[in-house]
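The following block contains the structure, expressed as structure tokens.
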Amino acid sequence: MELSGSGTAEPGTSTSLVMVSGINKRFGGVRALRDVNLEVRAGEVHALLGENGAGKSTLIKILSGVHALDSGTIEIAGKPVEFDSPAKSREAGIAVVYQDLSLVESLSVADNLLLGREPRARFGFVRQRALMARAEAFLNELGIPLDTRATVGSLPFAYRQMTEIAKALMGEVRLLILDEPTSSLTSDEVRILFDAIGKATRRGVGVIYVTHRLNEVFEISQRVTVLRDGANAGTFVTAETDMKRLVNAIVGTDRSVSTSPRVEPAAKRQLDPSPVLSLSNVSNDRLRAVDLSVLKGEIHGLAGLIGSGRTEILETVFGLRPLESGAIEIEGRRWLPKGPADAIEQGIALVPEDRHVQGLVLDHSIERNVTLPRIPHFSRWGWMQQRAAARRAETAIARLSVKAPGAFSLVRTLSGGNQQKVVFGKWNDPRPRVLLLDEPTVGVDVGAREEIYAVIRNAVRDGSGVLVVSSDLVELIELCDRISVIVNGRVARTLARGEIDDAEELHHLLQMYQASGPGQLQELPA
Amino acid sequence: MTELTAPNVVASSTRSDRRRKILQNLLRGERPYMLYIAFVILLVVFSLSSPWFLSVDNFLNIGRQTTLVSIIAVGMTFIIIARQIDLSVASTLALSGMAAALAMSQINNSWIVGAVAGLGTGALVGLLNGILTTQLSIPSFLVTLGSLSMARGLAMMVTNTKPVIITNETYFAIFGEGTFLGIPVPIAWTLAAMIIGILLLHYNVFGRRIYAVGGNPTAALYSGINTKRITTAAFVLTGTLAGLAALVLSARSHAARPDVVQGMELDVIAAVILGGCSLFGGRGYILGTLFGSLIIGTLNNGLVLLGVSSPMQLVIKGAIIVAAVAFTKR
């Protein structure tokens, strides 16, 4: 059963190491965290679950001193603490291992472990032998099998991660935070990682383990806290709960269905059965024999965990990733993508995953950004038609209801949702034949999310085919006519609307496929 | 399609928006007015402290002295906006000058041959810089550090470090000593380069792409822009302008010398940065570069008029450049 708040799960067993109570955090108009509580005990692995945008990262960033909290308290071993910098958090004994590692690849494991606190001789010379000995002693004590002399850059990923964890554990560490540590590990490597975690907890370190993979939660954690929409959605004793309950808490049974007019299911809309995009047997370094089709007027979803190859499918179609074998057809005509320019010429549009890095030039105006993919269309003999470009921007602003002072406002000054609308604005005219969307509503507030859904629906109503990647399963269920489940670079299964009812079921399905590999699973879990 | 709810309001607000933007492009880019204030302060200080400073002749003098830096700085503006750097421009100038002079002495003493050889050599060095930078993914700092050395070495090798005399009177008139509409031709060429730069950067498709490539190369790539080709084009433009500067210099001195303008790339880069370009790319404007170059020229000129010793000139110039960048930085 769901336990409200924390601390009541296993009363009286061990003392709490970290106690987070009533934390609130606001980013502009978005309430990222609302009265969040979390308690971690010494020697415990405490899993932290939630969908993207549920507030996990914000909570971690508050614990690690990256963000300041608006209200609420953090106590470590009963003493209230306040962090205004990562250094302060580190001083209090909190260490974070992020997904992107913070190691110097050209240095050895030992050098990395003792970076900044090398044993020194006079005049600042490093006592190399003492350094090696200290690193080795520390790793032995932890029981982590690492060669201290190896260059970090030459190590397989799991070992780099272990180096990172070992580094985090140097010094007085009481709480170790692991942010999706297994997303790019093989199953053997996961085993090694779990061993290392076990060794840390035996020393009395508390661990917050953030993951999307539920099977790992059951394997390694003692308790689980779920966040949903920035608030606590329950804390559970792992041994007393099951996957279904966790999924319920993650997805939420009460999330209201969209209020905007929704497109009738594909069957009723009488989709043109001819595919506007089809992939057959498409393979490259990340994809293995992908078969997929997007019909005219269809919204086709790609579900899968991070690293499953979802994004790579979009990148391959957009010409960003070479096609090694297989065929792509656009409206029945065979086509080999030569690059983004070629894809755009074919009427393919991409709203990429990271709008700051891939989608926008933040220091430029809305007008500059929306005209970017089709600059030649706003010019005559190579000279810009400033008026035409400005008109294009004004139309995009009006049609997508971008809230901005004008066409020449800098994109950096807009909110996340409005920035995302500008990315959509790059592609809304002319109507793309194929619209590729990668996490279209990440970091977007609820209102803007509905508006973006409306934009997507308008696009298919006008005859575009949409291929959308999303980690938000409710979003996929809500939007899509069909959903393909991607596991390890393959399409494990394609589901039509009606074959699956809700996000919970889809979540189960993803977890099962991930755990068992594609093709082996026959029936849906109850 | 959703219509604009209040078309008149939107249109008029964007019209003034647009006017403001054009003004921004031409006058101050995205920086405050510090650059112009700095220039005016400089003029006032020198006018008060030297009786010879404030005269038409002296200003023409400053114009002539800054010609080479100004012409090349136009190209460097494109390069720096595109997040690149070109250290080879002074050597390219030297090599282009030698090429122009030698071509004339070999082929009919024709000024057209000289001009084509000079500009072509500059363009070729730029093309090589661009191709090496984009195709081999070598940072342009390193590529052009290499070509700085190679171009200078080649310029010295062709004549075994001897200068090449030029005798074509038309060449002198067109590039060095004549006047165009009453303006000395070196200044006229500078203005021409500036105008071409303004048109290309602020009104042409090429400029749009340069800004995008420098502002966010990944987003530019994802928008279908051939970032390599655009970057290479910026290097070719700069090389060609270094060639033009070589024509001006050799026509003025009636000879091409392989050891000219060593270290001038630093003045060019300083002018561009003073003028408001961001070293992080995506930001900058030609008129700012002109003023940056004028500030450097005025400094050189004014310090000489004040009788400051030349080692001291270097110290003051360097300090003022750093201070100016610190003040204009936002």
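The chains referred to below are lettered A, B, ... by the order of the sequence lines, with proteins before strands, and numbering in each begins at 1.
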Looking at side-chain heavy atoms only, is the closest gap between A/Pro376 and B/Arg208 below 4.5 Å? no
Is it the case that over 12 heavy atoms from other parts of the model lie below 6.0 angstrom from the CZ atom of B/Arg229? no
Checking A/Ser401 against chain B: side chain, backbone, both or neither under 4.5 Å from a heavy atom? neither
Minimal heavy-atom distance between A/Gln386 and B/His202, with the atoms involved, is NE2-O, 3.1 Å
Non-hydrogen atoms of chain B under 4.5 Å away: do they reach the side chain of A/Phe318, the backbone, both or neither? side chain
Just wondering, do B/Arg283 and A/Asp363 contact through their side chains at under 4.5 Å, heavy atoms? yes
Select, from A/Asp462, A/Ile375, A/Ile344, the one with the greatest count of heavy-atom pairs under 4.5 Å involving chain B. A/Ile375
Verdict with reasoning, A/Leu372 to B/Ile225, per side-chain contact (heavy atoms from CB on, under 4.5 Å): CA-CA 8 Å; A/Leu372 205 50; B/Ile225 288 172; 3.5 Å; yes
Of the non-hydrogen atoms in A/Trp383 and B/Leu199, which two are nearest, and what is the gap between them? CZ3-O, 3.4 Å
B/Trp189 atom CH2, neighbour heavy-atom count above 12 within 6.0 Å: no
Any idea which heavy atoms bring B/Tyr222 and A/Glu315 closest together, and the distance? OH-OE2, 3.8 Å
Per-residue tally against chain B (heavy atom, under 4.5 Å) across A/Asn369, A/Leu362, A/Asp342, A/Val361 peaks at A/Val361
Taking atom CD of A/Gln385 as the centre, does the number of heavy atoms from other residues, nucleotides or ligands within less than 6.0 Å exceed 12? yes
Looking only at heavy atoms, which two atoms of B/Ala219 and A/Lys426 are closest? And how far apart? O-NZ, 4.4 Å
Using a 3.5 Å distance criterion without hydrogens, assess whether the side chain of A/His364 forms a donor-acceptor pair with backbone atoms of B/Asn216. no
For B/Gly224 and A/Pro340, work out which heavy atoms get closest and say how close. CA-CB, 3.8 Å
